[in-house]
Engineer: 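Dropping a structure here in structure tokens format, bear with me for questions.
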Number of protein chains: 2
Amino acid sequence: MGWPVDGRHHRTRQRRAVLELLAETDEFISARQVHARLRERGSSIGLTTVYRTVQALADAGEVDTVRVDGGEQRFRRCREERHHHHLICRHCARTVEVTGPGVEAWARQIAQVHGYSEVNHTLELFGTCTECRQSG
Amino acid sequence: MGWPVDGRHHRTRQRRAVLELLAETDEFISARQVHARLRERGSSIGLTTVYRTVQALADAGEVDTVRVDGGEQRFRRCREERHHHHLICRHCARTVEVTGPGVEAWARQIAQVHGYSEVNHTLELFGTCTECRQSG
DNA sequence: ATGGGTGCAAATAATTTGCAGGTAA
DNA sequence: TTACCTGCAAATTATTTGCACCCAT
């Protein structure tokens, strides 16, 4: 919950590194990418630790996640506090956070009509960004 | 494309079996589940063939797919011709097809504002259905 | 001290691919 | 015939876990 600062968790070099990398990265990246980028810049860290760290951050709601085609999970630190969605470039993964005005209310209503409770939803937009369209 | 009836593809016992099972199944099921259910009812079929068949159907747009938490992919034959979304029970996978009136237009507009082209979106609702709430 | 953290190697899990036959058209 | 199809075994890919050791508190 209170991760990454909460009494029972240690502030280690590895976790700081992952957090820093995510803080300066604007696209959704996979655990393996986090691992690779950290190694490139000389930071010694194990892939296992990266997996554990990003997963913990996701569980704590500190980062958003999406599943891409191959079933791979990708992570991104959220800027918005409030609930929001993402517009993601399918080529470079450049991401914009957007909010869906009617969506939340619509979802609640639809769920109620069909007798479903405790609803939540996933909504992601995929497209080709300006730069990728030009270079593609 | 024109799958499952299109000149260059054979109508085999295995494909018919997968198609039939999907036709009578109302929840999203995984390739492994398709395989298991077919075997239960005595139909001999290889897991590989199931994977290839459901994937082909998905590519052809004959079935919808969602990714569940573990990254596993699940398939379901769509009833609706038009574009639609799903309200899925997170316990039993019972599914209802729903349409999001404003969502499509909203998505197009958001994408345009940010300069993204060729947009599509994924939108799924997850909740607990009436029956599962009572028995749970 | 000591309980959480780390990372290697091995285990899982989902899905794909190589290849030697089968079979629909 | 002749593509296309099937299925086993082996390979891939993403992610998790066992475990001995390390370190932040």
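Below, read A as the first sequence line, B as the second, and so on, with proteins coming before strands; counting in each chain starts at 1.
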Engineer: Could a donor-acceptor pair under 3.5 angstrom be found where the side chain of A:Arg8 meets the base of C:dG5?
Structural biologist: no
Engineer: Counting side-chain heavy atoms from CB outward, which of C:dG7, D:dT25, D:dG7 is closest to A:Arg11?
Structural biologist: D:dT25
Engineer: If you assign each of B:Gln55 and A:Ile45 to its closest nucleotide in DNA chain C, which residue comes earlier from the 5' end?
Structural biologist: A:Ile45
Engineer: Considering only heavy atoms from C-beta outward, does the side chain of B:Arg15 approach that of B:His9 to under 4.5 Å?
Structural biologist: yes
Engineer: In whole angstroms, how far is the C1' atom of C:dG7 from the CZ atom of A:Arg15?
Structural biologist: 13 Å
Engineer: I need the CD1-C1' distance between A:Ile29 and D:dT15, as an integer number of Å.
Structural biologist: 17 Å
Engineer: Tell me whether the side-chain N or O atoms of B:Arg52 pair up with the base of D:dG7 as donor and acceptor below 3.5 Å, since no angle test is needed here.
Structural biologist: yes
Engineer: For B:Gln73 and D:dA14, what is the distance between atoms CD and P respectively, to the nearest whole Å?
Structural biologist: 15 Å
Engineer: Which whole-number value in Å describes the distance from A:His35 NE2 to D:dT13 C1'?
Structural biologist: 16 Å
Engineer: Which of these nucleotides, C:dA14, C:dT6, D:dC4, is closest to any side-chain atom of B:Arg32?
Structural biologist: C:dA14
Engineer: More than 12 non-hydrogen atoms from neighbouring residues, nucleotides or ligands closer than 6.0 Å to CD on A:Glu97, yes or no?
Structural biologist: yes
Engineer: To the nearest Å, give me how far apart CG (A:Leu38) and C1' (C:dG7) are.
Structural biologist: 15 Å
Engineer: Can you measure A:Asp69 atom CG to D:dA14 atom C1' for me and round it to whole angstrom units?
Structural biologist: 15 Å
Engineer: Does CZ belonging to A:Arg82 count more than 12 external heavy atoms closer than 6.0 Å?
Structural biologist: no
Engineer: From the options C:dT23, D:dT25, D:dG7, select the nucleotide whose nearest atom is closest to the side chain of A:His10.
Structural biologist: D:dT25
Engineer: Map A:Thr49 and B:Gly70 onto DNA chain C by nearest heavy atom, then report which one ends up closer to the 5' terminus.
Structural biologist: A:Thr49
Engineer: With a sphere of 6.0 Å drawn around CD of A:Glu80, does it hold more than 12 non-hydrogen atoms of other residues, nucleotides or ligands?
Structural biologist: yes
Engineer: Does D:dC5 have OP1 or OP2 under 4.0 Å away from a side-chain N or O of B:Thr12?
Structural biologist: no
Engineer: Is the distance from OP1 or OP2 of D:dT15 to the nearest side-chain N or O of A:Tyr51 less than 4.0 Å?
Structural biologist: yes
Engineer: Figure out the CD/P separation between A:Gln33 and D:dA14, and round it to whole Å.
Structural biologist: 10 Å
Engineer: Nearest whole Å is fine: how far is D:dT15 P from B:Glu72 CD?
Structural biologist: 14 Å
Engineer: I want to confirm an ordering. Mapping A:Thr48 and B:Gln14 to their closest nucleotides on DNA chain D, which one lands closer to the 5' end?
Structural biologist: B:Gln14
Engineer: May I ask you to say whether A:Glu124 pairs ionically with A:Arg76, meaning some side-chain N is under 4.0 Å from a carboxylate O?
Structural biologist: no
